[in-house]
Amino acid sequence: MKVRHIVLGLLSISVIAPIFLYTDRVGSFVNPSSSRRDFLDDVSAFTVSGDTRHLNVLHQETSTALKEPIGVIYSDHSTVTREHKSTRVLSATDEERQQQQLYNPIRQVIDRAAPGLTTTLDSHPNASDISAIELEQQPTQPSGKIVQEHSDNKHDRLTEPADAQVRHLKDQLIRAKVYLSLPAIKNNPHVTRELRLRVKEVTRALGDATKDSDLPKNAVDKLKAMDQSLEKGKQIQDDCAAVVKKLRAMLHSSEEQLRVHKKQTMFLTQLTAKTLPKGLHCLPLRLTTEYYTLNSSQQNFPNQQKLEDPRLYHYALFSDNILAAAVVVNSTISHAKHPSDHVFHIVTDRLNYAAMRMWFLSNPPGKATIQVQNIEEFTWLNSSYSPVLKQLGSPSMIDYYFRAHRASSDSNLKFRNPKYLSILNHLRFYLPEIFPKLNKVLFLDDDIVVQKDLTGLWSLDLKGNVNGAVETCGESFHRFDRYLNFSNPLISKNFDPHACGWAYGMNIFDLAEWRRQNITEVYHRWQRLNRDRQLWKLGTLPPGLITFWKRTYSLDKSWHVLGLGYNPNVNQREIDRAAVIHYNGNLKPWLEIGIPKYKIYWAKYVDYETVYLRECNINP
């Protein structure tokens with residue numbers, strides 16, 4: 001009997017006592033009022049079969065959820081490896097975990113002694129904490145890693161070019177065409193048929209897409225199928241020299257096509273720039289008809305006594321474009337501090353004289369003074385006085401403009417713009433003759449918009465120079481050697497090919513200094529030397545660079561910003577700071593080909609509700 005009691009006592013000590021001790025620990029964990037931290041601290045150094053493993057139990061927060069393991073990222077160029085710190089401590093494999101769960105003696109005792117306890121622990125809300133007893137969490141991927149990888153993939157997609165797949169498809173087409181031209185592929189009917197089929201599929205999928213979002217949903221499948229077909233072709237052909245030869249031929253052909261298309265584009269752009277829109281053709285006709293219905297007293301402008309007052313601010317504007325001239329005047333007056341002190345001298349041709357007058361009679365610019373003159377009234381300006389007038393009427397000049405199809409003619413269509421035939425374009429060289437009683441005049445082109453008050457230009461000290469202009473030598477093509485023929489000794493001996501060019505469009509001219517230095521005669525002398533166009537091509541900037549050589553004062557660039565008629569990437573800050581913005585180039589704001597984002601600066605000075613604009617269907 002004593003032996004039986006002894007055996008039962010030993011049993012209670014060796015089996016039952018550990019169960020009570022253990023279940024007491026677990027019970028304190030299951031009980032919400034117990035301390036979870038104490039349980040985890042004890043379990044962290046649990047011993048199984050003599051092997052002490054430190055469980056990687058993370059620092060617990062006060063909330064019921066476990067904090068995600070800290071992700072450590074190792075970056076080696078394009079290879080990225082992620083590793084959780086827990087894996088450096090918990091090295092047991094899935095097989096070991098299964099063995100540990102299967103042969104864990106304590107868990108077996110619990111299963112036999114209290115079969116409901118295991119189920120209770122597994123179903124507890126904090127079962128993820130309890131699973132630490134099993135030495136490691138379940139072999140699932142931590143959510144932090146998934147989120148991190150998703151974030152990285154998203155970042156990769158954001159940094160990937162928007163047309164990556166489009167370019168890949170185009171490259172595939174080129175490779176396929178090269179393979180189809182090789183003898184080794186041609187001798188394999190099966191691969192040839194497959195490649196041709198893939199070319200049709202990819203071409204159809206590509207369509208007119210310019211970015212990946214334009215591609216159909218099956219584009220990726222077509223891309224993969226083409227890659228497989230190209231791989232077959234790559235394995236068949238082994239003549240690298242033939243591939244190189246074919247690629248060179250394709251490159252040469254593409255360059256030739258590009259050259260032809262560029263020439264056609266230039267021609268069409270020049271043609272569009274020279275073509276008058278229907279609305280702008282209608283406007284002068286409508287205004288002219290209205291003008292001649294007025295009596296003589298209604299045809300006169302007020303404040304004509306201000307036209308020769310040198311104390312006022314005088315502007316010279318030479319144009320046959322009524323709407324463009326109106327924008328120049330309106331934008332200038334809108335920013336003038338004292339509009340009544342501003343006088344605009346507009347000179348136009350005979351065809352637009354009545355229309356120009358009628359526009360400003362019906363749309364007076366506030367308190368400013370307007371004068372509209374007909375160039376035909378300048379009787380002093382004739383071919384005997386002006387060499388350029390004589391040249392413009394010469395047979396060789398007419399032949400140059402109207403027989404451009406000849407092989408010997410100049411290939412640059414830029415110099416064939418009919419504006420060069422207009423004397424209005426050359427009138428800027430005769431300012432002292434047009435305004436004999438004025439000392440300073442601000443010359444404005446008709447393709448500019450004024451954004452600030454310009455009266456500060458009249459107070460500038462030009463330091464003995466005649467012309468105040470903004471230099472344009474920030475880019476190499478705006479230097480003298482781009483405008484003048486330095487192979488001619490007359491040019492090379494007198495001018496510096498690397499000298500900075502400057503811009504017409506907004507120029508302050510000191511007419512008193514002009515007269516003193518006899519600038520008009522300098523212009524005439526160089527025009528006579530260039531009668532055969534050997535010194536420069538046509539236009540007014542090359543003779544201007546020559547005439548005002550070492551007589552030009554450089555203005556701050558904020559006075560005059562150029563490029564809005566050809567460059568869609570003009571610095572926005574420069575545009576906002578500019579006193580004058582200039583639509584130099586073919587993409588004028590009144591044409592459909594104008595750059596849309598720059599049209600708004602011009603259009604806001606046009607009142608499209610004016611009856612004449614509505615009748616001619618001129619809209620923004």
Side-chain angles (χ1 to χ4, degrees), residues 312-319 324-325 327-339 341-345 368 428 431 435 438-475 477-479 499-514 519 540-541 544-545 547-567 569-585 588-589 598 600-602 604-605:
L312 302 179
Y313 306 109
H314 294 265
Y315 300 84
L317 176 61
F318 309 140
S319 175
V327 169
V328 174
V329 174
N330 292 342
S331 62
T332 305
I333 294 303
S334 297
H335 297 92
K337 295 178 180 178
H338 305 288
D341 293 339
H342 295 256
V343 183
F344 293 87
H345 304 269
R428 65 194 69 189
L431 293 177
F435 310 112
L438 300 181
N439 297 323
K440 274 191 177 182
V441 167
L442 183 64
F443 170 78
L444 297 176
D445 269 342
D446 64 358
D447 55 352
I448 62 102
V449 171
V450 178
Q451 299 188 128
K452 293 183 180 179
D453 182 65
L454 301 179
T455 54
L457 290 168
W458 274 265
S459 60
L460 285 177
D461 180 10
L462 299 184
K463 303 185 184 304
N465 291 292
V466 178
N467 173 30
V470 171
E471 291 185 338
T472 57
C473 58
E475 301 178 52
F477 60 84
H478 283 152
R479 297 186 183 273
C500 283
W502 45 267
Y504 270 124
M506 189 217 69
N507 307 78
I508 184 73
F509 287 106
D510 187 337
L511 300 186
E513 195 65 30
W514 186 315
I519 297 299
T540 54
L541 183 55
L545 296 176
T547 302
F548 298 107
W549 168 248
K550 295 185 177 180
R551 300 180 180 94
T552 298
Y553 177 81
S554 178
L555 301 177
D556 186 271
K557 290 185 177 181
S558 63
W559 280 109
H560 185 192
V561 169
L562 298 100
L564 279 73
Y566 69 90
N567 181 11
N569 300 311
V570 179
N571 187 286
Q572 186 62 45
R573 184 177 297 179
E574 292 182 0
I575 293 176
D576 296 338
R577 292 176 58 242
V580 170
I581 54 176
H582 194 171
Y583 294 84
N584 57 310
K588 303 299 185 187
Y598 297 149
I600 57 174
Y601 300 106
W602 187 86
K604 65 181 178 181
Y605 296 105

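We count residues from 1, following the sequence as given. Side chains included, hydrogens not; waters and symmetry mates left out as well; all remaining heavy atoms used.
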A469 and A503 have their tightest heavy-atom pair at CB-O, 3.8 Å
Show the nearest heavy-atom pair for residues H345 and L438, with the distance to one decimal. NE2-CD1, 4.2 Å
I need the minimum non-hydrogen distance between H582 and Y504, along with the two atoms involved. CE1-O, 3.2 Å
Ring pair (Phe, Tyr, Trp, His ring centres under 6.0 Å) with Y598: which residues, sequence neighbours excluded? none
Can you confirm whether or not the ring centre of H314 sits under 6.0 Å from the ring centre of F435? no
Quick check: does any side chain N or O of N571 sit under 3.5 Å from a backbone N or O of R573, one acting as donor and the other as acceptor? yes
Testing T332, L454, V449 for side chain to side chain contact (heavy atoms under 4.5 Å, CB included) with V580, which one passes? L454
Once you round to the nearest 0.5 Å, how far does OG1 of T540 lie from CZ of R428? 3.5 Å
Do other residues, nucleotides or ligands put more than 12 heavy atoms under 6.0 Å from the NE2 atom of H338? no
K588 side chain to Y583 backbone, donor-acceptor under 3.5 Å: yes
Contacts of N330 meeting side-chain hydrogen bond (donor to acceptor under 3.5 Å, both in side chains) (sequence neighbours excluded), chain-then-number -> none
Any side-chain heavy atom of H560 sitting closer than 4.5 Å to one from L555? no
I would like to know whether W514 and F548 meet ring pair (Phe, Tyr, Trp, His ring centres under 6.0 Å); could you show each step before the answer? CA-CA 10 Å; W514 186 315; F548 298 107; 5.4 Å; yes
For G505 versus I448, what's the shortest heavy-atom pair and its separation? O-CG2, 4.0 Å
Suppose we screen for ring pair (Phe, Tyr, Trp, His ring centres under 6.0 Å). Which residues come up paired with H342, at least two apart in sequence or across chains? Y313, Y315
Less than 4.5 Å apart, side chain to side chain, heavy atoms only: is that true for I508 and L442? yes
Apply ring pair (Phe, Tyr, Trp, His ring centres under 6.0 Å) to W559 and list each qualifying residue two or more places apart in sequence or on a separate chain. none
Closest heavy-atom pair and its distance - G464, E513: O-CG, 3.4 Å
Considering only heavy atoms from C-beta outward, does the side chain of T547 approach that of I519 to under 4.5 Å? yes
dist K440:NZ -> S459:OG (nearest 0.5 Å) comes out at 7.5 Å
Residues at least two apart in sequence or cross-chain that pass side-chain hydrogen bond (donor to acceptor under 3.5 Å, both in side chains) with Q451, listed by chain then number, are none
Is there side-chain contact between W602 and L564, with at least one heavy-atom pair below 4.5 Å? no
L317 and D446: CA distance, side-chain angles, deciding distance, side chain to side chain contact (heavy atoms under 4.5 Å, CB included) verdict: CA-CA 7 Å; L317 176 61; D446 64 358; 4.0 Å; yes
Only counting residues at least two apart or in another chain, list the ones meeting side-chain hydrogen bond (donor to acceptor under 3.5 Å, both in side chains) with N507. N467
Nearest 0.5 Å, what's the CG-CZ distance between N465 and R551? 9.5 Å
Atom of K452, atom of R577 and distance for their closest heavy-atom approach: NZ-O, 2.8 Å
Do N584 side-chain atoms and L562 backbone N/O form a donor-acceptor pair below 3.5 Å? no
What is the distance from atom CG of L312 to atom CH2 of W458, rounded to the nearest 0.5 Å? 10.0 Å
Do the side chain of K604 and the main chain of S331 share a donor and acceptor less than 3.5 angstrom apart? no
Return the SG to CG distance between C500 and L545, rounded to the nearest 0.5 Å. 11.0 Å
